[in-house]
2 protein chains.
Amino acid sequence: MINKVIAGDCLEKMKLIEKSSVSLIYLDPPFFTKKKHVLSNKERTKVFSFDDLWENNKGYAEFLNARIEVMRDLLKEDGSIFVHCDKSAQHIVRAILDNVFGVENFQSEIIWSYKRWSNSKKGLLPSHQNIYFYSKSKNFKFNTVYTAYSETTNVDQILQRRTRDKHNKSIYDTNEVGEAKYSGQKKGVPLNDVWDIPYLNPKAKERVGYPTQKPLILLERIIQLTTNENDLVLDPFCGSGTTCVAAKLLNRNFIGIDQSIEAVQLSQTRIANPVKTESNLLKKGRSSYVNKDKEALSLLSGLEYNAVQRNKGIDAILVNSFRDSPVLVRVQKPNELLSEAASLLAKAMESKKSKKSILIQTNHDEQPNEVIALKGIVVLKSLPLQIESSLGSEEYLKKVS
Amino acid sequence: MINKVIAGDCLEKMKLIEKSSVSLIYLDPPFFTKKKHVLSNKERTKVFSFDDLWENNKGYAEFLNARIEVMRDLLKEDGSIFVHCDKSAQHIVRAILDNVFGVENFQSEIIWSYKRWSNSKKGLLPSHQNIYFYSKSKNFKFNTVYTAYSETTNVDQILQRRTRDKHNKSIYDTNEVGEAKYSGQKKGVPLNDVWDIPYLNPKAKERVGYPTQKPLILLERIIQLTTNENDLVLDPFCGSGTTCVAAKLLNRNFIGIDQSIEAVQLSQTRIANPVKTESNLLKKGRSSYVNKDKEALSLLSGLEYNAVQRNKGIDAILVNSFRDSPVLVRVQKPNELLSEAASLLAKAMESKKSKKSILIQTNHDEQPNEVIALKGIVVLKSLPLQIESSLGSEEYLKKVS
DNA sequence: CGTCTGCTTGAATCGCACC
DNA sequence: GGGTGCGATTCAAGCAGAC
């Protein structure tokens, strides 16, 4: 029975599994979403009753409830269940899980959050999915995971305000509690319930073309949290078999079940030859892509622009265009000559067919020359530079710079 | 009735509000969660029925349903409702909202995500809350907000127009010569439904009936998304009045209702003097109140200055002085005439004995006059203004502004 | 008024070209 | 000829327009 993918209805097939033998069940059940959900009472004035909800979703709730009850029996006392949930069925799934496992065994609502392509939807762009985590008992197995200090570390430092003390010395502001902010190297923070995991990318090799395919790393995390090696993992709606692949890679035993023969075959192929995407984004982190310092971009404050990260010549592109060509912006970097900055920008202008671009000068060692202007580059002094010169350099410039 | 905070049960007090007059309702209802949730059927073998759920939560569901039905009537046709939801009551709230507003008017589940200090709890660290967003009709008011592109996005995607070739493959569009076609204005990525808003103030205990204080920026974002100026915002469980404060700061009308007299009084105090009370808030967590000033001050990026929070005339004082007198800085505010800004600054200069000050012009409707210069005020145009004029207003200024 | 098809879109990878 | 910068490609959500 172990380490297999079985075709059939899980209600039947689960009978073949020994009770109290499974450590973790993960499921992403099918959701038969009726697009047309017509309420009998158009006025909606009637007193609310759960019976309506029941009637409207009776078939589905019974379908799921019957199966989840069996799953509960299969779980060990220290076992856990993770239910991946469509947003249209959240309340039904929650109600069933509360019923079968008990409210007291609700552990977490996990938010899988990701960035994705946009569309023209009116309203907010959907970019998360919900996973409910229940345990069979209070004594569930749980391996606390510490997350690496993420981008937030940076953000917090940026958020931290600098101020001056009474001796006019620059110090970091502390809050009323006087908390020292991330001074040393911490081991990390305990994993929280919002997981930022990239969506399975269109170009990912991991992709097998199955509609609801989940990233391996999502399943790996779930498996690592609640099982040890050689424990048994069950996925009763296994689809393309991601759960089984993850279990195999982590030396757990697994059982997968799916109605569709094609899904079972696909799963078997994947298990035989697992492919895991070595995602650059995951390996290096989001911040590794950021090559523009916040300071440079903050000089553009008040402008409507799109920041550009993956380009040497440009820091931003203005939202408004000039004669149907893009207006590029570059901020002169510290220790960079104005002429160097201009030549990088000029190169970018050529390849991007830009007719007019802005170079923001942050250092007054050099004067812009005519060559720069001929290329269509407008040099503007940053406000601090302008302030310095307007105040007259002799008195004002006490600072070294 | 407008711009007031009223004490009492919202079911009663909402009767005083004109029907179809409210543009936005935000509520964080109290959740009377029974910790001891005893199921009649200990074995949990019985066939699942929604009636159990109903019976167990009957009182609460009726309480909330009755009030939400009234709220629906108060909303304009293009109005929206945002319900802040405790994780223990999600399914009840969703069911009620589906019932009253209809599944087809479900717009988003907003995840408010924040970082929290770790605790020793076994399991995942809870670090999000859920907000349900329903509209009254399909034609709800929505002001799309655009955010920055992902760090991994490359320039060409922002700049170039794309098309499909004969094999339906997505390619970059080129002209006859093979040059890339410029795609025109790109605004950025529409705001998504996972909002990372810091919440440094550790949530005290669990909910005990008194609503926890929300960050202003959370409410500001909700209000900006779904209302325009002078629209009416209602918070039927307003607690400490954050919704009302946010509405006031954004020039929206508001009505707040709360059972507790103390809450109403606290709200009134905060509304009467948002600046003062909000600056107390700052110690706990820098709320969005800083927003407005922060925006102005970021124009000074690269300068060493001290921000000035509570002064009508000045936004900052430069660290370096001019002839042993302080250099004051003021940024022209939106809807403020340059002459107004100058006279406020001049007044501040007098009291601070400043010989030289900087006025940053952000609006080009008015030209600085000699009187201003005589007072020792140097007027500098903000970078956006300088860019506009350098690009030549006739072509660049397609935007209205 | 449904149903179908096509278009636009952003993220994140792959792989080419350029030093 | 090895590293890398950045241009090219892929995919699916969701609307618009066709029929």
So which protein nitrogen or oxygen atoms get under 3.5 Å of nucleotides 14-17 of chain D's nitrogens or oxygens?
unit_1	atom_1	unit_2	atom_2	d
dG14(D)	O4'	Asn119(A)	ND2	3.4

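- Rounded to an integer number of Å, the gap from CH2 of Trp117(A) to C1' of dT9(D) is 14 Å.
- Distances shown here put every side-chain N or O of Ser150(B) at or beyond 4.0 Å from the OP1 or OP2 atom of dG10(C).
- Using bins of under 30°, 30° to 60° and over 60° for the plane-to-plane angle, the ring pair Phe101(B)/Tyr134(B) lands in the tilted bin.
- For residues 139-152 of chain B, the set of pairs meeting the salt bridge (Lys or Arg N to Asp or Glu O under 4.0 Å) definition, not counting sequence neighbours, comprises Arg286(A)-Glu151(B), Lys141(B)-Asp231(B).
- Under the salt bridge (charged side-chain N to carboxylate O under 4.0 Å, His left out) criterion, Lys181(B) pairs with Asp173(B), not counting sequence neighbours.
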Close N or O pairs between protein and nucleotides 17-19 of chain C (under 3.5 Å):
none

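- Qualifying side chain to side chain contact (heavy atoms under 4.5 Å, CB included) partners for Ser351(A), counting only residues two or more places apart in sequence or in other chains: none.
- Atom CG of Leu159(B) is separated from atom C1' of dT9(C) by 15 Å (rounded to the nearest Å).
- The CG atom of Asn192(B) sits 14 Å away from the P atom of dG10(C) (whole-angstrom rounding).
- Atom-to-atom, NE2 of His128(A) to P of dA13(D) comes out at 16 Å; the value is rounded to the nearest Å.
- Across the protein-nucleic acid pair, Asp156(B) atom CG and dA12(C) atom P stand 17 Å apart, rounded to whole Å.
- Asn369(A) meets the side-chain hydrogen bond (donor to acceptor under 3.5 Å, both in side chains) test with no other residue; sequence neighbours excluded.
- To the nearest angstrom, P of dA12(C) lies 13 Å from CD1 of Ile217(A).
- Every residue two or more places apart in sequence or in another chain was checked for a salt bridge (charged side-chain N to carboxylate O under 4.0 Å, His left out) with Lys356(A), and none qualifies.
- Both Arg162(B) and Val155(B) lie close to DNA chain D; mapped to their nearest nucleotides by heavy-atom distance, the more 5′-ward contact belongs to Val155(B).
- Backbone-only contact: Gly188(B) has heavy atoms under 4.0 Å from sugar-phosphate atoms and none from a base.
- Whole-Å rounding puts the Ile171(B) CD1 to dT9(C) P distance at 15 Å.
- Ring geometry for Phe106(B) against Tyr132(B) counts as tilted: the plane angle lies between 30° and 60°, on a 0 to 90° scale.
- Regarding Ile158(B), its CD1 atom lies at a distance of 13 Å from the P atom of dT9(C), rounded to whole Å.
- Using a 4.0 Å heavy-atom distance criterion, Tyr172(B) is classed as a base contact.
- In the helix from dG2(C)-dC19(D) to dC19(C)-dG2(D), the end axes, each obtained as the rotation axis mapping the C1' atoms of four pairs onto the next four within a five-pair block, lie 30° apart to the nearest 10 degrees.
- Distances shorter than 4.0 Å separate some side-chain N or O of Thr152(B) from OP1 or OP2 on dA12(C).
- Side-chain atoms of Ser382(A) do not come within 3.5 Å of backbone N or O of Thr362(A) as any donor-acceptor pair.
- The ring pair (Phe, Tyr, Trp, His ring centres under 6.0 Å) search around Tyr199(A) returns Tyr114(A), Trp117(A), not counting sequence neighbours.
- Within the nucleic acid shown, Lys352(A) comes within 4.0 Å of sugar-phosphate atoms alone, with no base atom in reach, counting heavy atoms only.
- Residues passing the salt bridge (charged side-chain N to carboxylate O under 4.0 Å, His left out) test with Glu109(B): none are found, sequence neighbours excluded.
- Looking at residues two or more places apart in sequence or on another chain, you find no side-chain hydrogen bond (donor to acceptor under 3.5 Å, both in side chains) involving Ser137(B).
- Residues forming a salt bridge (charged side-chain N to carboxylate O under 4.0 Å, His left out) with Glu336(A) (at least two apart in sequence, or on another chain): Arg330(A).
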